[in-house]
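Note on naming: letters A, B, ... go to the chains in the order of the sequence lines (proteins, then strands), and numbering restarts at 1 for each one.
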Protein chains: 2
Amino acid sequence: MDTLAFDRHDHRSCIAAGVAQAEAQCASAGLQFTPVRRRVLEILLAGHRAMGAYDILEVLREEGLGSQPPVAYRALDFLVSNGFAHKIERLNAFVACSHMTEDHAPAFLICRACGSVAEAEIRLERGRLGEAAAQAGFTIERTVVEAEGLCPNCAEGRGA
Amino acid sequence: MDTLAFDRHDHRSCIAAGVAQAEAQCASAGLQFTPVRRRVLEILLAGHRAMGAYDILEVLREEGLGSQPPVAYRALDFLVSNGFAHKIERLNAFVACSHMTEDHAPAFLICRACGSVAEAEIRLERGRLGEAAAQAGFTIERTVVEAEGLCPNCAEGRGA
DNA sequence: GTTGCGATGAAATAACGTAACATCTATATC
DNA sequence: GATATAGATGTTACGTTATTTCATCGCAAC
Ligand SMILES: [Zn+2]
Ligand SMILES: [Zn+2]
Ligand SMILES: [Zn+2]
Ligand SMILES: [Zn+2]
């Protein structure tokens with residue numbers, strides 16, 4: 001496991017790598033990595049935390065890239081559909097993907113104190129849920145796996 | 001496993017048992033199982049599907065049990081807080097609990113075609129996510145586990 | 001050059017959720 | 001029984017999240 005996000009790391013490379021990955025994948029898939037889409041991804045990559053669509057929209061507005069909700073939602077839809085970002089259902093908010101290369105079923109660790117969100121791989125959910133689904137004859141197409149709690153940094157000082 | 005919901009079963013007993021369970025637990029815990037709370041639980045128990053707060057409110061309104069959003073949300077908060085119902089984050093909606101007796105971390109199978117929602121036990125999420133969290137030093141307090149796909153009934157005719 | 005398609009701009013509205021405050025009701029205590 | 005208390009409800013107003021719809025633009029294919 002390489003659950004970064006809570007660990008100290010070279011965050012500048014997170015951003016650069018994320019944008020580069022997305023750009024490359026769009027090029028090879030014939031997708032348009034437009035200025036708004038790029039900028040939204042950058043905004044998400046700026047921090048390992050979930051941002052609401054309206055938070056993002058506010059930034060776009062300040063920069064003259066758009067002012068109405070659909071601008072943000074459309075860019076986010078694009079990023080999510082193509083695996084460059086994920087929606088955190090628990091928070092009605094979005095994060096940049098941390099594993100853009102591989103096709104994956106994401107799982108998230110959400111710190112309720114500092115708002116950090118770490119993405120963990122969770123190979124096809126082969127655990128209890130997979131068993132239960134198989135036994136019930138249920139075909140899983142998509143999973144939402146989100147754990148809320150305290151990250152190591154916040155667990156020390158306060159919280160728990 | 002006893003993932004009902006998709007299976008044919010005596011649904012009348014689901015409702016009766018659910019209400020009885022909630023009533024008993026409220027009595028023994030000194031909680032007030034008021035008419036609105038009871039009715040909202042009944043509404044949820046009426047089908048193994050998620051209902052939005054406003055859908056529920058509409059029913060309450062028709063029956064003269066309340067007309068403003070807080071009425072529905074308060075009853076739902078009560079039911080969720082006390083383990084009689086769960087929120088499906090993916091749908092911003094609510095379902096009655098299927099395992100009211102035990103203290104449990106719920107997981108859900110959501111059919112995108114018919115809207116049925118089955119609840120599966122998922123003992124403290126000791127799978128991949130638990131490992132990842134432990135390794136990262138993250139303390140899990142609450143989990144959201146929701147799988148979306150096709151239930152056995154819907155998988156036959158259409159969908160997939 | 002025109003046709004077609006995907007991306008944007010913009011207005012309006014829908015859907016989901018909460019804050020705040022007044023009022024009422026059921027106990028518990030005296 | 002009167003009174004104090006805590007919890008439940010009624011109501012207004014508002015805040016947040018998300019979508020529908022239609023017009024316009026830019027670019028590439030034909
Ligand atoms: Zn980083
Ligand atoms: Zn990811
Ligand atoms: Zn049933
Ligand atoms: Zn349950």
Side-chain angles (χ1 to χ4, degrees), chain A residues 22-23 25-27 29-41 43-44 49-82 84-95 115 144 146, chain B residues 22-23 25-41 43-44 49-82 84-95 110 115 144 146:
Chain A
E23 185 155 32
Q25 288 190 222
C26 283
L31 300 169
Q32 299 185 44
F33 196 50
T34 65
V36 180
R37 293 169 177 179
R38 169 190 289 267
R39 188 65 189 115
V40 171
L41 180 58
I43 292 167
L44 289 178
R49 53 194 0 89
M51 292 187 71
Y54 281 76
D55 298 331
I56 290 166
L57 181 59
E58 193 174 333
V59 178
L60 294 179
R61 184 157 13 213
E62 286 166 3
E63 299 176 355
L65 277 171
S67 61
Q68 303 303 322
V71 172
Y73 282 102
R74 286 198 281 233
L76 287 166
D77 282 350
F78 172 85
L79 296 174
V80 170
S81 303
N82 293 287
F84 305 139
H86 301 289
K87 179 168 188 183
I88 305 294
E89 300 290 349
R90 183 75 226 280
L91 305 177
N92 293 320
F94 303 81
V95 283
V144 173
E146 300 169 0
Chain B
E23 185 156 32
Q25 287 190 223
C26 284
S28 81
L31 300 170
Q32 301 185 42
F33 196 50
T34 65
V36 180
R37 292 169 179 180
R38 168 190 291 267
R39 187 67 190 113
V40 171
L41 180 58
I43 292 167
L44 290 178
R49 54 195 358 89
M51 293 188 70
Y54 280 75
D55 297 332
I56 291 166
L57 181 59
E58 195 175 331
V59 178
L60 294 179
R61 185 160 7 218
E62 285 166 4
E63 299 176 355
L65 276 170
S67 61
Q68 303 304 322
V71 172
Y73 281 102
R74 284 197 284 235
L76 287 166
D77 281 351
F78 172 85
L79 295 174
V80 170
S81 303
N82 293 287
F84 305 139
H86 300 289
K87 179 169 188 182
I88 305 295
E89 300 289 350
R90 181 76 226 280
L91 305 176
N92 293 322
F94 302 82
V95 284
I110 306 165
V144 173
E146 299 168 0

**Prompt:** Yes or no on side chain to side chain contact (heavy atoms under 4.5 Å, CB included) for B:Phe33 and B:Leu41, after CA distance, side-chain angles and deciding distance?
**Reply:** CA-CA 10 Å; B:Phe33 196 50; B:Leu41 180 58; 4.0 Å; yes

**Prompt:** Are any of A:Asn92's side-chain N or O atoms less than 4.0 Å away from OP1 or OP2 of C:dC16?
**Reply:** no

**Message:** Measuring to OP1 and OP2 of C:dG9, would you say a side-chain N or O of A:Ser67 lies under 4.0 angstrom away?
**Reply:** no

Tell me the interatomic distance from [X], atom [atom1], to [N], atom [atom2], rounded to whole angstroms.
X: B:Asp77; N: C:dA19; atom1: CG; atom2: P; answer: 10 Å
X: A:Arg61; N: C:dG9; atom1: CZ; atom2: C1'; answer: 13 Å
X: B:Glu58; N: C:dA15; atom1: CD; atom2: P; answer: 11 Å
X: B:Phe94; N: C:dA15; atom1: CZ; atom2: C1'; answer: 13 Å
X: A:Tyr54; N: C:dA15; atom1: OH; atom2: P; answer: 14 Å
X: B:Arg74; N: C:dG17; atom1: CZ; atom2: C1'; answer: 13 Å
X: A:Tyr73; N: C:dA10; atom1: OH; atom2: C1'; answer: 16 Å
X: B:Ile56; N: C:dC16; atom1: CD1; atom2: C1'; answer: 13 Å

Under 4.0 Å between any heavy atoms, over every strand shown, what does [X] touch: base, sugar-phosphate, or nothing? Just pick one.
X: B:Arg37; answer: sugar-phosphate
X: B:Gln32; answer: sugar-phosphate
X: A:Leu65; answer: sugar-phosphate
X: B:Phe78; answer: nothing

**Fill in**
Contact span of DNA chain D against chain B, any nucleotide atom under 4.0 Å from a heavy atom, 5' to 3', runs D:dG7 to D:dT12

**Message:** With nearest nucleotide decided by heavy atoms, which residue, A:Pro70 or A:Gly52, maps closer to the 5′ end of DNA chain D?
**Reply:**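 On the 5' side of the pair lies A:Gly52.
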
**Request:** Check the pair B:Leu44, B:Ile56 against side chain to side chain contact (heavy atoms under 4.5 Å, CB included), reporting the backbone distance first and the verdict last.
**Result:** CA-CA 8 Å; B:Leu44 290 178; B:Ile56 291 166; 3.7 Å; yes

**Asked** Under 3.5 Å, side chain of B:Asp55 to main-chain N/O of B:Gly52, donor-acceptor pair present?
**Response** yes

**Item:** Flag, side chain of B:Glu146 to backbone of B:Glu89, donor-acceptor distance under 3.5 Å
**Value:** yes

**Message:** Taking the six-membered ring of A:Phe78 as reference, does the cationic atom of A:Arg37 (NZ for Lys, CZ for Arg) lie under 6.0 Å from its centre and within 45° of its axis?
**Reply:**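 Judged by the rule (NZ or CZ under 6.0 Å from the ring centre, within 45° of its axis), A:Arg37 counts as positioned above A:Phe78.
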
**Prompt:** Can you tell me how far the CE atom of A:Met51 sits from the CD atom of A:Glu58, to the nearest 0.5 Å?
**Reply:** 8.5 Å

**Prompt:** Roughly how far, to the nearest 0.5 Å, is CD of A:Glu23 from CZ of A:Phe84?
**Reply:** 10.5 Å

